[in-house]
Q: 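Following this message is one structure expressed as structure tokens.
In this chain, numbering begins with 1 at the start of the sequence shown. Keep in mind it's a predicted model, so treat the numbers as computed, not measured.
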Amino acid sequence: MTRPYRSVLYIPAANQRAMEKAQNLAADAIIFDLEDAVAPAEKVGARDLLARALLADYGGRVRIVRINGMDTEWGEGDARAFAAAGADAVLVPKVSRGADLDRVAALVPDTPLWAMMETAEGMLNAAEIAAHPRLQGMVMGTNDLAKELNSRFRPDRLAMMAGLGLCLLAARAQGRVIVDGVFNAFKDDEGLRTECEQGRDMGFDGKTLIHPAQLAVANQVFAPSQAEVELARRQIDAFDEAQAQGKGVAVVDGKIVENLHVETARATLAKAKAIAALAG
């Protein structure tokens with residue numbers, strides 16, 4: 001998977017102006033939210049508004065629709081509306097087991113599914129959820145998870161580590177995209193950067209965001225740095241030269257470079273290339 005998901009921005013589906021502005025924002029993906037961001041009285045209207053909005057050109061941005069839960073009066077209607085309405089994926093809220101995806105999969109036969117991972121049960125069943133044949137990606141819902149756990153906010157996100165780790169392992173075992181949860185203090189760039197760096201170092205593909213002001217930090221943190229790109233090239237070159245000499249390993253900057261390091265280096269270059277292509 002080389003398509004970048006550094007920044008995944010939530011946009012309320014009831015806000016036409018926000019959806020129009022999103023066409024030109026530097027987000028890798030957009031989650032058009034019909035669930036938490038829309039009041040009950042506006043649910044049906046937002047669904048129709050979003051269907052029209054998706055006819056617009058969003059460039060290379062991935063368009064993900066978060067529907068209402070299938071246990072609500074709007075969930076089935078949302079799924080049917082976006083089965084063929086231009087969305088790149090349908091995001092199912094509060095997925096706690098693989099079976100939670102089955103009903104949506106039947107209603108949306110040709111569109112990839114994503115799962116919101118935001119319940120304690122979902123954390124315990126992450127491997128089963130990630131293995132669902134229709135699943136493409138997972139989104140951490142850390143606010144809802146914190147509510148279920150009755151945990152307090154800590155800058156190190158200690159209470160989240162078990163759930164984040166379980167979901168990350170499950171996603172990687174099945175080759176799924178996985179993006180980290182939101183950082184609520186959208187004016188705190190330093191706090192956002194710290195949390196993005198933590199998520200990046202854990203292995204997440206990117207960060208879900210609640211405000212356009214957070215895009216620049218997420219895009220920078222989750223992109224390969226110039227130093228990382230240069231190191232990747234040198235590792236590949238050194239390994240190729242070593243193989244040409246009949247050797248199985250190379251040495252770069254005093255460190256062993258084996259085939260597994262070269263695979264990572266090639267992935268780094270592919271990601272950098274995909275980001276450059278998205279930027280035009």
Q: Is a donor on one side and an acceptor on the other found under 3.5 Å between the side chain of Lys207 and the backbone of Leu192?
A: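 Checked: no pair found.
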Q: Hydrophobic cluster membership, with links at side-chain heavy-atom distances under 4.5 Å among I/L/V/M/F/W/Y: are Leu107 and Val44 in one?
A: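 No, Leu107 and Val44 fall in different hydrophobic clusters.
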Q: List the atom of Ala13, the atom of Leu34, and the distance in Å for their closest heavy-atom pair.
A: CB-CD2, 3.5 Å
Q: With a 4.5 Å cut-off on side-chain heavy-atom distances among I, L, V, M, F, W and Y, is there a chain of contacts connecting Ile30 to Met140?
A: yes
Q: Just checking, is any N or O donor in the side chain of Arg176 or Gln136 under 3.5 Å from an acceptor N or O on the other one?
A: no
Q: Any side-chain heavy atom of Ile31 sitting closer than 4.5 Å to one from Trp114?
A: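 The answer is no, as the side chains (C-beta and beyond) never meet within the 4.5 Å cut-off.
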Q: Say you draw a straight line from CD of Gln235 to CZ of Arg266; how long is it, rounded to the nearest 0.5 Å?
A: 11.0 Å
Q: Between Arg61 and Gln23, is there a donor-acceptor pair closer than 3.5 Å when you use the side chain of the first and the backbone of the second?
A: yes
Q: When rounded to the nearest 0.5 angstrom, what is the spacing between CD in Glu195 and OG1 in Thr142?
A: 6.5 Å
Q: Would you confirm whether Asp28, through its side chain, and Arg6, through its main-chain N or O, come within 3.5 Å as a donor-acceptor pair?
A: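 Answer holds: yes.
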Q: Without swapping roles, check the side chain of Gln198 against the backbone of Asp156 for a donor-acceptor pair under 3.5 Å.
A: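 The answer is yes, because a donor-acceptor pair under 3.5 Å joins these two groups.
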Q: I'd like to know whether CD of Glu190 has more than 12 heavy-atom contacts from other residues, nucleotides or ligands below 6.0 angstrom.
A: no
Q: Answer with yes or no whether the hydrophobic clustering places Val62 together with Met116; edges join I, L, V, M, F, W, Y residues whose side-chain heavy atoms lie under 4.5 Å apart.
A: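 Per the 4.5 Å side-chain linkage, Val62 and Met116 are co-clustered.
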Q: Could you tell me if the side chain of Phe82 sits less than 4.5 Å from the side chain of Thr111, heavy atoms only?
A: no
Q: Could you tell me whether the side chain of Ile64 reaches within less than 4.5 Å of the side chain of Phe32, counting heavy atoms only?
A: no
Q: Is any side-chain heavy atom of Pro93 less than 4.5 Å from a side-chain heavy atom of Ile67?
A: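 In short, these two side chains touch, coming nearer than 4.5 Å.
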Q: Taking atom CG of Leu25 and atom CD1 of Ile11, what is their separation to the nearest 0.5 Å?
A: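 Spacing of CG (Leu25) from CD1 (Ile11) equals 6.5 Å.
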Q: Walk me through it: do Glu128 and Arg97 pass the test salt bridge (charged side-chain N to carboxylate O under 4.0 Å, His left out)?
A: CA-CA 7 Å; Glu128 174 191 322; Arg97 60 187 69 84; over 6 Å; no
Q: Starting at CG of Leu9, measure out to CD1 of Ile210 and round the result to the nearest 0.5 Å.
A: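 Spacing of CG (Leu9) from CD1 (Ile210) equals 9.5 Å.
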Q: What closest approach, in Å, do Ala218 and Cys196 show between heavy atoms, and which atom pair accounts for it?
A: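 Minimum heavy-atom contact is CA-SG, 4.1 Å.
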Q: Check for a donor-acceptor pair, side chain of Thr208 on one end and backbone N or O of Asp180 on the other, with a separation under 3.5 Å.
A: yes
Q: Just by modelled atom types, is the Ala105 backbone N or O under 3.5 Å from a matching donor or acceptor in the Arg134 side chain?
A: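 Judged by distance alone, yes, a pair lies under 3.5 Å.
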Q: Report yes if some heavy atom in the side chain of Lys94 is under 4.5 Å from a heavy atom in the side chain of Glu35; otherwise report no.
A: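 Counting from C-beta outward, Lys94 and Glu35 do come under 4.5 Å.
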Q: Can you name the nearest heavy-atom pair linking Tyr58 to Met19, along with the distance?
A: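 Heavy-atom minimum between the residues: OH-O, 2.9 Å.
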Q: Once the angle between the rings of His211 and Phe186 is folded into 0 to 90°, is it parallel (under 30°), tilted (30 to 60°) or perpendicular (over 60°)?
A: parallel
Q: Roughly how far apart are Arg157 CZ and Thr194 OG1, rounded to 0.5 Å?
A: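 One gets 11.0 Å once the value is rounded to the nearest 0.5 Å.
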Q: Report the residues that fulfil side chain to side chain donor-acceptor pair (under 3.5 Å) with Gln220, sequence neighbours left out, ordered by chain and then residue number.
A: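 So Gln220 forms a side chain to side chain donor-acceptor pair (under 3.5 Å) with Arg193.
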Q: If you look at every heavy atom in Ile129 and Ser96, which pair is closest and at what distance?
A: CD1-C, 3.8 Å
Q: Is there side-chain contact between Met117 and Ile178, with heavy atoms separated by less than 4.5 Å?
A: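 When only atoms from C-beta onward are counted, Ile178 and Met117 do not touch, as no gap falls below 4.5 Å.
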Q: Is a side-chain donor or acceptor of Asn15 paired with a backbone partner of Arg17 at a separation under 3.5 angstrom?
A: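 Answer holds: yes.
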Q: Look at the side chain of Gln174 and the backbone N and O of Ala170, then say whether any donor-acceptor pair between them is shorter than 3.5 Å.
A: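 Not confirmed, Gln174 side chain does not pair with Ala170 backbone.
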Q: Closest approach of Ser7 and Ala27, non-hydrogen atoms and distance?
A: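 Taking every non-hydrogen atom into account, OG-CA, 3.4 Å.
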Q: Provide the closest heavy-atom pair for Leu166 versus Met123 in the form atom of the first, atom of the second, distance.
A: CD1-O, 3.6 Å
Q: Evaluate the criterion side-chain contact (heavy atoms from CB on, under 4.5 Å) for residue pair Val8 and Asp205; output intermediate values, then yes/no.
A: CA-CA 10 Å; Val8 182; Asp205 294 302; over 6 Å; no
Q: Asn68 and side chain to side chain donor-acceptor pair (under 3.5 Å): which partner among Lys43, Glu76, Glu73?
A: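 Looking at Lys43, Glu76, Glu73, the match for Asn68 under the side chain to side chain donor-acceptor pair (under 3.5 Å) is Lys43.
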Q: Are the side chain of Glu263 and the backbone N or O of Leu260 linked by a donor-acceptor pair below 3.5 Å?
A: no
Q: Could you check Phe183 against Asp188 for side-chain contact (heavy atoms from CB on, under 4.5 Å), going step by step and ending with a plain yes or no?
A: CA-CA 9 Å; Phe183 183 74; Asp188 180 4; 3.8 Å; yes
Q: Measure from the side-chain N and O atoms of Arg47 to the backbone N and O of Trp74, and report whether any donor-acceptor pair falls under 3.5 Å.
A: yes
Q: Could you walk me through whether Leu169 and Arg172 pass the side-chain contact (heavy atoms from CB on, under 4.5 Å) check?
A: CA-CA 5 Å; Leu169 286 168; Arg172 292 295 173 245; over 6 Å; no
Q: Check for me, please, whether Leu164 and Val95 land in the same ILVMFWY cluster - side-chain distances under 4.5 Å, paths through other members count.
A: yes
Q: Got Lys247 and Glu241 here, is their nearest side-chain heavy-atom distance under 4.5 Å?
A: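 The answer is no, as the side chains (C-beta and beyond) never meet within the 4.5 Å cut-off.
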Q: Does any part of the side chain of Met138, heavy atoms only, come nearer than 4.5 Å to the side chain of Leu168, both counted from C-beta?
A: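 Side-chain contact under 4.5 Å: no.
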Q: Do Val92 and Val182 share a hydrophobic cluster, counting only Ile, Leu, Val, Met, Phe, Trp and Tyr and linking them when any side-chain heavy atoms are less than 4.5 Å apart?
A: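 In one cluster: no.
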Q: Rounded to the nearest 0.5 Å, what separates atom CG in Asp100 from atom CG in Leu113?
A: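 Rounded to the nearest 0.5 Å, the CG-CG separation comes out at 11.5 Å.
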Q: Passes side-chain contact (heavy atoms from CB on, under 4.5 Å), Asp144 versus Asp36? Steps please.
A: CA-CA 11 Å; Asp144 281 272; Asp36 289 344; 4.1 Å; yes
